[in-house]
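Here is the structure we will look at, set down as structure tokens.
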Amino acid sequence: MTGWIAFGVLSAVLVTSALAVVTGKDLVRSVLYLAITLITTAVVYAGLEADFLAAVQVLLYTGGIITLMLFAVMLTQRLSGARIEHRSDGFARAGGAALGVLFLLGAGIFQRWSQPETVIEMTADSQALGALFLTDLMLPFELLSILLLAAMVGAIALARRKDP
Amino acid sequence: MSPALLAAGTVPLHGPGLSAWMLLAAVLFCIGLYGVLSRRNLLGILLSVELMANAVNINLVSYARFSGDLTTQAFTLFSVALTVAEVVVGLAIVILVYRRFKGVEADNVDLLKG
């Protein structure tokens with residue numbers, strides 16, 4: 001029962017803040033609501049026995065991405081002092097498409113809803129996760145570092161002011 | 001379900017199961033989809049893409065929990081790193097668009113229009 005209460009509270013916070021991200025008028029506020037969504041997601045991860053992922057979520061998303069986003073907002077709006085607004089349109093089309101996808105996903109999920117659920121005994125094990133990365137998943141892990149390097153070089157090359 | 005019918009290592013569940021988490025992730029994904037389609041500001045679109053990626057990660061982590069397989073968690077970590085790379089390049093493109101078009105409205109970016 002406590003599990004359902006925690007689930008209800010977490011989903012309420014997640015859905016409310018996500019809706020605030022996509023419907024808000026103020027861009028800076030949207031970014032801050034996204035921070036709430038991402039931190040709540042870290043709580044969800046901790047509840048699902050993924051402690052390391054929860055830490056990564058807080059460090060990378062809220063520490064890295066939100067800061068970057070705020071930087072980009074400030075850079076592109078030149079700190080005009082006025083409220084930074086971003087408008088949306090095509091509510092009907094966008095809402096229709098989103099509801100359609102939700103209906104399809106929901107239909108699939110409700111098919112398995114009535115099946116009895118079991119859960120496997122599991123405790124958060126960051127040590128085993130680390131061992132996995134250095135044994136079975138060695139190659140993808142190293143490829144990932146190349147990808148991150150490429151993304152970094154690409155971002156610098158794109159955003160650099162071209163000198164004559 | 002009586003304990004005798006359960007596979008080794010599994011226990012009956014009292015609380016939200018995989019379906020509930022999947023439904024939550026689906027709702028978050030669709031909110032993100034709505035944002036991508038309705039926002040006109042490139043940064044707003046990027047924020048909504050973040051929401052969608054986050055929903056996918058919640059889905060993956062709940063699968064990891066209910067299958068008891070750590071590899072799925074490792075997969076989520078890859079997905080997180082890919083998202084970070086995507087955001088970095090995306091923001092660089094946003095800054096480039098701002099410099100070229102003096103604004104970040106997606107409708108103004110029409111260089112490839114014939």
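Each chain gets a letter, A, B and so on, in the order its sequence line appears, and its residues count up from 1. Given the structure is predicted, the values throughout are model-derived calculations rather than measurements.
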Please report the shortest heavy-atom distance between [X] and [Y], naming the atom on each side.
X	Y	answer
A/Ala54	A/Ala46	CB-N, 3.9 Å
B/Glu50	B/Val87	OE2-CG2, 2.8 Å
A/Ser30	B/Leu47	CB-CD1, 3.7 Å
A/Leu27	B/Gly44	CD1-N, 4.3 Å
A/Ala151	B/Val88	O-CG1, 4.1 Å
A/Ala42	A/Val58	CB-CG2, 3.6 Å

Look only at the side chain of [X] and the backbone of [Y], and say whether a donor-acceptor pair between them is shorter than 3.5 Å.
X	Y	value
B/Thr83	B/Ser79	yes
B/Arg99	A/Ala159	yes
B/Arg39	A/Val22	yes

>> Is it true that, when you exclude B/Phe78 itself, more than 12 heavy atoms of the residues, nucleotides or ligands shown sit nearer than 6.0 Å to its CZ?
In response: yes

Under 4.5 Å from any heavy atom of chain A - which part of [X]:
X	value
B/Ala64	backbone
B/Leu28	side chain
B/Ala20	both
B/Leu23	both
B/Val80	both
B/Leu91	side chain
B/Ser67	backbone

Region of [X] that comes under 4.5 Å of a non-hydrogen atom in chain B:
X	value
A/Leu48	both
A/Val56	side chain
A/Leu19	both
A/Leu102	both

> Can you tell me how far the OG1 atom of A/Thr23 sits from the OH atom of B/Tyr34, to the nearest 0.5 Å?
Replying inline: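 So the OG1 of A/Thr23 and the OH of B/Tyr34 are separated by 7.5 Å.
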
> Taking every heavy-atom pair that is under 4.5 Å apart, which of A/Leu129, A/Ile5, A/Ile156 has the most such pairs with chain B?
Replying inline: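 Among A/Leu129, A/Ile5, A/Ile156, the one with the most close pairs to chain B is A/Leu129.
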
> Taking every heavy-atom pair that is under 4.5 Å apart, which of A/Leu148, A/Leu34, A/Ile109 has the most such pairs with chain B?
Replying inline: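 Of A/Leu148, A/Leu34, A/Ile109, A/Ile109 has the most heavy-atom pairs under 4.5 Å with chain B.
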
Which one of [options] has the most heavy-atom pairs closer than 4.5 Å to chain A?
options	result
B/Asn57, B/Val36, B/Thr71, B/Val97	B/Asn57
B/Ile58, B/Val84, B/Leu37, B/Leu77	B/Leu77
B/Leu33, B/Ile95, B/Val61	B/Val61
B/Gly68, B/Cys30, B/Ala92	B/Cys30
B/Leu51, B/Val27, B/Val89, B/Leu46	B/Leu51

>> Under the ring-ring contact (aromatic ring centres under 6.0 Å, His included) definition, can you give me all pairs with a residue in residues 6-65 of chain A, not counting sequence neighbours?
In response: A/Trp4-A/Phe7, A/Phe7-B/Trp21

> Which residues in residues 135-143 of chain A have a heavy atom less than 4.5 Å from any heavy atom of chain B?
Replying inline: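 From residues 135-143 of chain A, the residues near chain B are A/Leu137, A/Pro140, A/Phe141.
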
Would you call [X] and [Y] a side-chain contact if the rule is heavy atoms closer than 4.5 Å?
X	Y	answer
A/Val44	A/Leu14	yes
B/Arg100	B/Leu96	no
A/Val28	A/Val31	no

